[in-house]
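Structure record follows, encoded as structure tokens.
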Protein chains: 2
Amino acid sequence: MERMTTVSVDAGSGPGRKAPGRPRDARADEAILEAVTALLAEGQSADAISIEAVAAKAGVGKATIYRRWANKVALLTDAVARMKGPLPEPEGKSARDDLVMLVKQGRAKRMERYSKVTACLLPEMVRSAEMQAVYQAATEPRREVMRQVLRRGIETGELRADLDIELTLLMISGPSIAQNMLNWNPNVPEDGYAEKLVDALLRGAAA
Amino acid sequence: MERMTTVSVDAGSGPGRKAPGRPRDARADEAILEAVTALLAEGQSADAISIEAVAAKAGVGKATIYRRWANKVALLTDAVARMKGPLPEPEGKSARDDLVMLVKQGRAKRMERYSKVTACLLPEMVRSAEMQAVYQAATEPRREVMRQVLRRGIETGELRADLDIELTLLMISGPSIAQNMLNWNPNVPEDGYAEKLVDALLRGAAA
DNA sequence: ACATTACGATACGAGTCCGTTCCGTATCGG
DNA sequence: CCGATACGGAACGGACTCGTATCGTAATGT
């Protein structure tokens with residue numbers, strides 16, 4: 001009923017109102033969302049995920065899921081939102097070092113699962129503009145962090161003054177995305193990937 | 001003619017033997033594969049595609065599909081293989097111009113549908129190493145074309161002698177992939193995208 | 001003519017998942 | 001203790017897809 005996608009379980013979380021009866025088990029939320037994430041990471045596409053499978057993997061009754069989420073989209077949205085780790089905080093000393101750090105994080109072990117999940121949500125995103133928007137909202141903060149790094153680099157003179165920030169964002173992140181989701185070029189080694197990428201980007205390819 | 005995906009259903013495709021009876025309608029092959037592609041482009045994930053839906057959209061009986069493909073993977077594989085256009089042929093005069101051409105083609109209108117289809121196949125690729133291999137085999141020739149361009153650029157002195165070719169491939173294609181499939185950064189304009197990307201890559205971002 | 005195969009269409013039993021409803025039990029406030 | 005709500009589990013009818021089989025018809029070889 002009052003389950004609005006991202007709103008927390010209890011509807012009137014106002015201080016005065018108190019719900020009678022047995023309270024909902026917070027661990028169930030966690031178990032359910034974790035089950036959804038796990039199924040997605042296994043290669044189940046969004047619409048291939050059955051509520052039954054989620055309930056089984058979470059060790060939960062179907063009713064418990066239906067009680068908390070109005071529909072599958074809401075459930076998926078929450079599951080995705082849960083995956084976001086804390087925002088990275090660049091040191092601010094060297095744009096180059098900050099970018100290396102960000103790229104490294106984008107290729108970290110933790111992102112492997114995230115990439116699989118994203119991949120399995122893609123068909124849904126092709127179909128639904130709403131899901132597209134959810135993804136955009138989830139990733140925009142990280143783009144903004146990188147923007148700040150680039151802007152600071154320009155201020156300090158470490159980067160060109162006429163740098164196209166948006167395009168540069170794409171040039172930094174695009175390769176990692178392609179590798180994470182598609183393993184697009186299996187010949188690119190993992191060793192020193194972040195450093196090589198950033199340095200190549202900074203110095204250019206021309207002779 | 002002999003569709004050898006994995007296991008072709010037609011038995012005696014031997015040279016001397018001629019099959020008696022009514023021959024198969026070649027147009028049915030086309031209609032079926034086109035229907036599969038259309039469904040994928042609509043955002044149907046690979047396993048969400050039902051043979052019934054394919055048959056209906058192709059104007060074909062289910063039996064006709066089962067008669068020609070042993071399983072869904074074989075059908076999908078053929079559908080993907082059909083989408084590949086002809087390989088691009090760089091002029092060979094200027095590495096920069098050739099790269100611009102390749103990037104432009106990667107973002108062309110025709111790739112829009114291809115990207116959607118790829119996106120909808122991703123869950124299957126996460127799950128199945130076989131599907132991964134199919135994708136790799138389908139894209140490798142295009143990577144090789146780009147490799148040749150880079151090698152020639154190095155020979156002519158237009159590009160750095162110590163250029164990491166594999167990494168550069170990724171840096172050129174990754175951004176387009178991210179944009180095509182995820183619309184990752186909506187702020188990157190379409191105008192002159194290819195030229196800006198290649199030139200930024202060549203000249204570098206450092207001051 | 002006749003055997004043979006392909007065709008579109010339809011029907012079939014089996015299986016899965018849907019969303020809901022009902023259990024018996026558990027856990028809260030009053 | 002009592003009313004209220006949540007829990008896991010099981011069952012429900014309905015909808016859908018599966019892969020196969022069987023129609024009557026169409027198109028080829030001998």
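Since this is a predicted model, take the numbers as computed values, not measurements. In what follows, chains are A, B, ... by sequence order, proteins preceding strands, each numbered from 1.
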Inset, instruction - Test side chain to side chain contact (heavy atoms under 4.5 Å, CB included) on Met111(B) and Met83(B) and set out the steps. - result: CA-CA 10 Å; Met111(B) 292 305 274; Met83(B) 286 200 72; over 6 Å; no
Inset, instruction - Ignoring the backbone of Pro23(B), work out which of dA27(D), dG8(C), dT5(C) is nearest its side chain. - result: dA27(D)
Legend entry - side-chain hydrogen bond (donor to acceptor under 3.5 Å, both in side chains) assessment of Ser176(B) paired with Tyr193(B): CA-CA 10 Å; Ser176(B) 297; Tyr193(B) 164 79; 3.1 Å; yes
Inset, instruction - Please report, rounded to the nearest Å, how far the P atom of dA6(C) is from the CZ atom of Arg27(B). - result: 16 Å
Inset, instruction - Mind calculating the distance between CG (Asn71(A)) and P (dG19(C)) to the nearest angstrom? - result: 9 Å
Legend entry - 4.5 Å side-chain heavy-atom contact, Trp69(B) and Leu33(B): yes
Legend entry - Distance (rounded to the nearest 0.5 Å) between Gln132(B) CD and Leu182(A) CG: 8.0 Å
Between the protein and nucleotides 23-25 of chain D, list the N/O to N/O atom pairs that are separated by less than 3.5 angstrom.
none

Inset, instruction - Can you tell me the distance, in whole Å, between the CG atom of Asp47(B) and the P atom of dT16(C)? - result: 16 Å
Check nucleotides 18-21 of chain D for protein N or O atoms closer than 3.5 Å to its own N or O atoms and list the pairs.
unit_1  : atom_1 : unit_2   : atom_2 : d
dC18(D) : OP1    : Ile51(B) : N      : 3.0
dC18(D) : OP2    : Ile51(B) : N      : 3.1
dC18(D) : OP2    : Glu52(B) : N      : 3.3
dG19(D) : OP2    : Tyr66(B) : OH     : 2.6
dG19(D) : N7     : Lys62(B) : NZ     : 3.2
dG19(D) : O6     : Lys62(B) : NZ     : 2.8

Legend entry - Rounded interatomic separation in angstrom, taking CD1 from Ile32(A) and C1' from dA6(D): 12 Å
Inset, instruction - Can you tell me the distance, in whole Å, between the CD atom of Gln44(B) and the C1' atom of dT17(D)? - result: 13 Å
Legend entry - Any Ile177(A) side-chain heavy atom under 4.5 Å of Ile177(B) side chain: no
Inset, instruction - Spell out, as yes or no, whether a donor-acceptor pair under 3.5 Å connects the side chain of Arg142(B) to the backbone of Leu102(B). - result: no
Inset, instruction - Measure from CD1 on Ile65(A) to C1' on dT20(C) and round the result to the nearest Å. - result: 14 Å
Inset, instruction - May I have the distance from Lys57(B) (atom NZ) to dT17(D) (atom P), rounded to whole angstrom? - result: 14 Å
Legend entry - Side-chain (Asp98(B)) to main-chain (Glu91(B)) donor-acceptor, under 3.5 angstrom: yes
Legend entry - Whole-Å distance separating the CZ atom of Arg67(B) from the C1' atom of dT4(C): 13 Å
Inset, instruction - Verify, without hydrogens or angle tests, whether Gln179(A) (side chain) and Asn185(A) (backbone) share a donor-acceptor contact under 3.5 angstrom. - result: yes
Inset, instruction - Give a yes or no on whether the backbone of Gln136(A) and the side-chain of Thr139(A) come within a donor-acceptor separation of less than 3.5 Å. - result: yes
Inset, instruction - Respond yes when some side-chain nitrogen or oxygen of Thr64(A) is under 4.0 Å from OP1 or OP2 of dG8(D), and no when none is. - result: yes
